[in-house]
Asker: 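One structure coming up, written as structure tokens, with questions to follow.
These values consider heavy atoms only, across backbone and side chains, with no hydrogens, waters or symmetry-generated copies. It should be emphasised that the depicted structure is a prediction, and the values quoted were computed from it without experimental measurement. Ligands are counted one by one from 1 in listed order, and the atoms in each one are counted from 1 as well.
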Amino acid sequence: MASATSAHLFFLFFFLFTLIVLPLRAVGQNDGNVEVGASLSATTTTNSSWLSPSGDFAFGFRNLYDSHHLFLLSIWYAKIPDTIVWYAGNDGVLAPEGSKLVLTPNSGLVINDPQGNVLWLSPKSAGLVSHGFLNDTGNFVIKDDQNGVLWQSFDHPRDTLLPTQIMETDGVVSSRVSEANFTRGRFQLRLLEDGNFVLNTWSLVTDFSYATAYWMTGTNDPNNSTNSGYRVIYNEFGNMFVLRRNGIKFDLLPDSIVPAKDYYHRATLNFDGVLAWYYHPRNVTGGNNSGWSIIKSVPDNICLRITGEVDSGACGYNNICEIGDDQRPSCKCPPGFSLLDPNDKYGSCKPNFKQNSCEEEGNGGYRLEQLTNTDWPTSDYDQLVNFNAEQCKNSCLNDCFCAVAVFRLDTSTCWKKKLPLSNGRKDSTVTATAFLKVTDISTDDDNPEGPVPPNPDPKSNRKRLNYLVSVLLGTSVFMNITLFAGIGLGIFYFCNRQLSHARGGKVNGENNVRHFSYKELQEATNGFKEELGRGAFGVVYKGMVGSTPDVRRFVAVKKIDCVSSKEADREFKTEVNVIGQTHHKNLVRLIGFCEEEEQRLLVYEFMSNGSLAGFLFGEFKPSWVERVRIAQGVARGLFYLHEECITPIIHCDIKPQNILLDEYHNARISDFGLAKLLMLNQSQTQTVIRGTKGYVAPEWFRNNPVTAKVDVYSYGVLLLEIVCCRRNISAEMMKGEEGAILTDLAADCYQSRTLDALLHDDAEALADLPRLERFVMVALWCVQEDPTMRPTMRRVTQMLEGVVEVAIPPYSTNSCISITA
Ligand SMILES: *[C@@H]1O[C@H](CO)[C@@H](O)[C@H](O)[C@H]1NC(C)=O
Ligand SMILES: *[C@@H]1O[C@H](CO)[C@@H](O)[C@H](O)[C@H]1NC(C)=O
Ligand SMILES: *[C@@H]1O[C@H](CO)[C@@H](O)[C@H](O)[C@H]1NC(C)=O
Ligand SMILES: *[C@@H]1O[C@H](CO)[C@@H](O)[C@H](O)[C@H]1NC(C)=O
Ligand SMILES: *[C@@H]1O[C@H](CO)[C@@H](O)[C@H](O)[C@H]1NC(C)=O
Ligand SMILES: *[C@@H]1O[C@H](CO)[C@@H](O)[C@H](O)[C@H]1NC(C)=O
Ligand SMILES: *[C@@H]1O[C@H](CO)[C@@H](O)[C@H](O)[C@H]1NC(C)=O
């Protein structure tokens, strides 16, 4: 109670004090001088600061953005928001509200908290203070009566250097922990004793600088010290150079093309370890305020440059660093890992799963996540030469010490590594592929889907499914087929116009689909620069949306080529609404759309692992476990589209190119809901064959009604491709050469009980023969000529998961090649 009252009294006193003192000081402020006894207080009610003569710089307390009650004594650009160039204390002394800064005659600047404790003082050389002065260069100077310098902020740089500032040997500039946390971070810029000007990482715990620099000027000469540097000068023209003892300059910047009289300059060691030289127009009253621009930044790619043996790298342990176009790094935990501190994206990652223990037998349900162009160059414990990728993977899977195996194709070498992993990087120049050992077994053994958010749909339906299954199991195969045909007819929906009327009624804004302007998307995609792919509907571009770093994310922007007509316009809106209402973990999510004059664009979430086609038919054969997961994922996604979403959707073009993989390698169906748009575009009356050669159901050619069973057919083909890791129709056959169509081959192999001929040396799959056989049987049911014979996707998911028996598929010789035993 008593202290609260005294605090009130203190504030009252303080308020009166500032009322009287402030106007007086405002007069004396124009020359930049600060009298002994002058003070500033840390309060939210007034912004009091001392300005330099030109008004370019201000010195005083800054209220930190994340807290209303903590203040930082700092120097900043008075005409530009939020660019702090200096702060009190190596780690940024945080002053509570009510703290006070005084220029004292004996101790220089002193910050006292409201209780009168000294929080910080400017250590000054002996002598009595005459006055302080904030120079137009951004330097706060304490002078004696001989005009000698007792203390100056330029001698105690934090993370920023300004023109006219000089760094002597042993000088240090330290990064912050983050943009908003002024504690010293992990990076340092130093002028070493031997004259080398370097960037290095630094141990926060022991105050020990790690020896390996990740950038250096090389201005040291061990043979002849007259050649070595001894001072770094940032001159008034905005040029920075290392001065050698022999008087020769080593320039750090190109000859200045940015005149210092028109632009502010600064060099800042950013919190992510990148040193950048910036400029900003001085005249901010004109409409030319585009913020800070970069003249140069070093190193060119920090992700690749930091390689110390005993440090975590540019990002924290187990994290993966990737450089952006702006040469700034971003960090992302690998699949199966998450941030140790969720607020620190640049920090370390921890595994979400139970560690492989050498106690247990076998490989205990672990699988390998394939990360292309990714490497952790340190943390090795074994090197295996003359290995191929398969051997490398197996070696890691069967080794309880192995956390990741990195395979280098160029040298046929397999490196096995242990946790924690350091210096993780992903870059197109990295020629290694990492196989990261993960498992879905964490706290919840019941969740086979791994580290993905649980999806309520399948669980809530399980009881219903079980009931249905028990009914079905009790009836004959024939009955089942008839029943399913009935259900299939019951939910008879078309990829044609009739449905759109039904949909029209349900259209409303009950989804989170955002409307973008064309200009926004143009900017987001950098003028439609980076093409991700081309499909029947148009070209897809990579882009980035979001105004702040925490909401910023990559997107895929699909530019649809469709003619504009009244009909098509209405369709577009309807479809966007329908697609926007689909929410399933195996579908690519629609984020937004754009409809402007001729332009129709759809904005989807970006899938970092590309298409299933690349995954299946690429350089490495994905593991059986992964393929099983993907096959089941696609089936669930299709089941949802057909039966569970508010408006049923027939995809009409299921193929590996339209299945994308997210960061956890979950299968995500894309391009659904678009079939109608394209058909409208082509013809109103005639049903044009949609889909892709090798995947289309026969009824497309027969003018029969098109039902959801067309997707089932395509899924059957896809399932075989997933099982066998080969295309239904090979590239050679496309060119007219001989070769068996996969669906026929599978029917043949199944019939003759020679499934191993279908899978070349796939020991993993053959070891799981019952499941393999089941999958092939399901696929053969799906590709039946007669649509009514094909199961529904609901039935397919059940059969794949093994909750219902799979009947022996009928052996019909398909139209193309007849098979002889
Ligand atoms: C103090 O300055 C900040 C940032 O310049 C501004 O947002 C705030 O409104 C100012 N407060 C007062 C009381 O002038
Ligand atoms: C301000 O700094 C400049 C550059 O260091 C120096 O030339 C000038 O004398 C300083 N002004 C005062 C009043 O100290
Ligand atoms: C700033 O970072 C340091 C070190 O990571 C941490 O101890 C401190 O709590 C952080 N300060 C704030 C205000 O978040
Ligand atoms: C220093 O001398 C050694 C041997 O005399 C030579 O190999 C080396 O290149 C020299 N270093 C420089 C920077 O000149
Ligand atoms: C060192 O280098 C300078 C030129 O930078 C040269 O004049 C001098 O002779 C050299 N000294 C020795 C000992 O080699
Ligand atoms: C700043 O720019 C504006 C518009 O470009 C111009 O009108 C004004 O005169 C400039 N001020 C100075 C001090 O140059
Ligand atoms: C705006 O800045 C650019 C360069 O930064 C300059 O070329 C242009 O003349 C400036 N415009 C105005 C109105 O000051």
Asker: For F250, which residues count as a ring pair (Phe, Tyr, Trp, His ring centres under 6.0 Å) partner, sequence neighbours excluded?
Answerer: none
Asker: Less than 3.5 Å apart, N/O on ligand 2 and N/O on the protein: could you list those pairs with the distances?
Answerer:
from: ligand 2; atom 1: 2 (O); to: N135; atom 2: OD1; distance (Å): 3.4
from: ligand 2; atom 1: 2 (O); to: N135; atom 2: ND2; distance (Å): 2.1
from: ligand 2; atom 1: 11 (N); to: N135; atom 2: ND2; distance (Å): 3.0
from: ligand 2; atom 1: 14 (O); to: K143; atom 2: NZ; distance (Å): 3.0

Asker: Show me which atoms of ligand 5 lie under 4.0 Å from any heavy atom of T226.
Answerer: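 So the answer, numbered in order with elements, is 1 (C), 2 (O), 3 (C).
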Asker: By the definition side chain to side chain contact (heavy atoms under 4.5 Å, CB included), identify the one residue from I320, N319, V404, T378 that meets it with L421.
Answerer: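 That would be V404; it is the only one of I320, N319, V404, T378 passing the side chain to side chain contact (heavy atoms under 4.5 Å, CB included) with L421.
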Asker: Name all residues meeting the ring pair (Phe, Tyr, Trp, His ring centres under 6.0 Å) criterion together with Y346; count only those two or more places apart in sequence or in a different chain, and write none if there are none.
Answerer: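 Listed in chain order: F271.
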Asker: Exactly one of R184, R158, R176 should register a side chain to side chain donor-acceptor pair (under 3.5 Å) with D91. Which one does?
Answerer: R184
Asker: Give the numbers and elements of all ligand 3 atoms closer than 4.0 Å to a heavy atom of T183.
Answerer: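 Those atoms are 1 (C), 2 (O), 3 (C).
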Asker: Between R425 and D375, does any side-chain N to carboxylate O distance fall below 4.0 Å?
Answerer: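 A salt bridge is absent here (no side-chain N lies under 4.0 Å from a carboxylate O).
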Asker: What residues form a side-chain hydrogen bond (donor to acceptor under 3.5 Å, both in side chains) with T137, not counting sequence neighbours?
Answerer: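 If we apply the side-chain hydrogen bond (donor to acceptor under 3.5 Å, both in side chains) test to T137, skipping adjacent residues, there are no hits.
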Asker: More than 12 heavy atoms of other residues, nucleotides or ligands under 6.0 Å from NZ of K350: is that the case?
Answerer: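 Yes - once you tally the heavy atoms of other residues, nucleotides and ligands closer than 6.0 Å, there are more than 12.
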Asker: Using a 4.0 Å cutoff against the non-hydrogen atoms of N246, which atoms of ligand 5 qualify?
Answerer: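 Those atoms are 5 (O).
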